[in-house]
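Proteins get letters first, then strands, A, B, ... in listed order; numbering begins at 1 in each.
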Amino acid sequence: MPELPEVETIKNDLSAEILHKKILFIELRLKKIVKNDPSFFKKVLIGAKFRALERCGKLMIFSLGNGQFLLIHLKMTGQLIFRNKKQVIAGGHSDTVFNFDLPNKYSHLVFVFEDKSKLFFNDLRQFGYARIVDKNQLEQIKQRFGMDPLDSRFTLKYFRNLLKKRTGNLKAFLLNQSIIAGLGNIYADEILFEAKILPMRKVTNLTIGEISLLHKSIRKIIMKAIKYRGTTFNTYVDSAGRRGDFLKFLRVYKKEKKLCQRCAHVIKKIKVAGRGTRFCEYCQK
DNA sequence: CTTCTTGTTACTGA
DNA sequence: ATCAGTAACAAGAA
């Protein structure tokens with residue numbers, strides 16, 4: 001599942017490949033993946049160039065420099081894969097960097113650039129989307145997102161204030177994109193394990209020490225996951241089709257029935273806030 | 001065959 | 001206003 005670290009990795013890598021290249025052609029293979037009228041979508045993009053790439057939570061924002069912006073959300077199984085002219089010509093076989101043919105049956109949208117390089121938007125479950133918005137719509141959408149954990153304004157003081165306004169459980173709090181933007185099921189569970197706090201705890205009865213540790217853990221886990229280029233469980237790959245390396249650092253996500261690396265008790269899995277939630281009932285308090 | 005998975009939105013009722 | 005719970009979306013894994 002692309003969460004903040006995965007989207008950040010794709011954003012950074014793609015920025016080095018696609019900026020300032022003219023878009024020659026748009027191949028829309030599955031209409032529902034685009035949330036605009038298809039002819040409007042193509043009209044805005046063809047002939048335009050991506051001027052900047054940014055990330056808001058798990059949402060990618062491609063600035064077109066003409067007052068319009070392309071939004072792409074990968075949801076659970078979306079991929080954005082870039083291939084240069086040489087790779088496009090070679091197909092999927094001859095290059096060790098990537099190991100599958102494109103387009104494949106999950107390639108719903110393809111951007112063709114003037115240098116014959118291509119950007120493929122793949123999505124197995126078709127939950128992801130692409131959408132063109134103008135500046136006003138973009139500002140409205142951005143307002144719905146909470147603080148980015150990497151933002152310098154995400155201080156302990158700020159975090160303590162966020163918690164004060166809430167009453168629910170911690171898992172739901174961490175997953176709520178309008179409070180903190182970018183955390184999903186994998187990193188929420190990993191953060192709570194790191195902070196040694198149970199996911200079903202109410203945000204109202206955390207001690208000062210727990211709040212401080214939780215704040216530290218959010219930044220620590222997210223920064224480490226970015227360093228290792230995200231977590232590949234099923235479909236996630238970066239823009240070159242490579243896997244993320246954070247899988248080997250997971251300590252609770254998909255570790256149910258295995259032994260806790262900290263205390264050797266069995267990792268449990270239950271439903272919290274409607275989501276599969278993994279934790280150690282012994283060393284998380 | 002059924003159940004589960006997951007990000008987000010929409011809807012219900014409390 | 002906020003929260004908990006659930007359905008919806010889709011397709012594959014178990």
Sugar-phosphate only, base, or nothing, as touched by [X] at under 4.0 Å among non-hydrogen atoms:
X	value
A/Asn169	sugar-phosphate
A/Phe173	nothing
A/Arg275	base
A/Tyr129	nothing

Between A/Phe127 and C/dC9, do the rings stack, that is, sit under 5.5 Å apart with planes less than 30° off each other? yes
Would you find a donor on one side and an acceptor on the other, under 3.5 Å apart, between the side chain of A/Lys254 and the backbone of A/Arg251? no
Among the nucleotides [options], which one has an atom lying closest to any side-chain atom of [X]?
X	options	answer
A/Lys202	C/dG12, B/dG7, C/dA4	C/dA4
A/Arg125	B/dG7, C/dA10, C/dC3	C/dA10
A/Glu3	C/dA10, B/dT9, B/dG7	B/dG7
A/Lys32	C/dA10, C/dG12, B/dT8	C/dA10
A/Thr167	C/dC3, C/dA4, C/dA10	C/dC3
A/Gln126	B/dG7, C/dA11, C/dG12	C/dA11
A/Tyr106	C/dG12, C/dC3, B/dT8	C/dG12

Would you check if the distance from the ring center of A/Tyr236 to the ring center of A/Phe246 is below 6.0 Å? no
Do A/Leu150 and A/Met223 have side chains that approach each other closer than 4.5 Å (heavy atoms only, starting at C-beta)? yes
Starting from C1' on B/dT8, measure out to CG on A/Asn185 and report it in whole angstrom. 13 Å
Please state how far atom NZ in A/Lys171 lies from atom P in C/dC3, giving the value in whole angstrom units. 17 Å
Quick one about A/Ser107 and A/Asn122 (side-chain donor to acceptor, distance below 3.5 Å, no hydrogens or angles considered), yes or no? yes
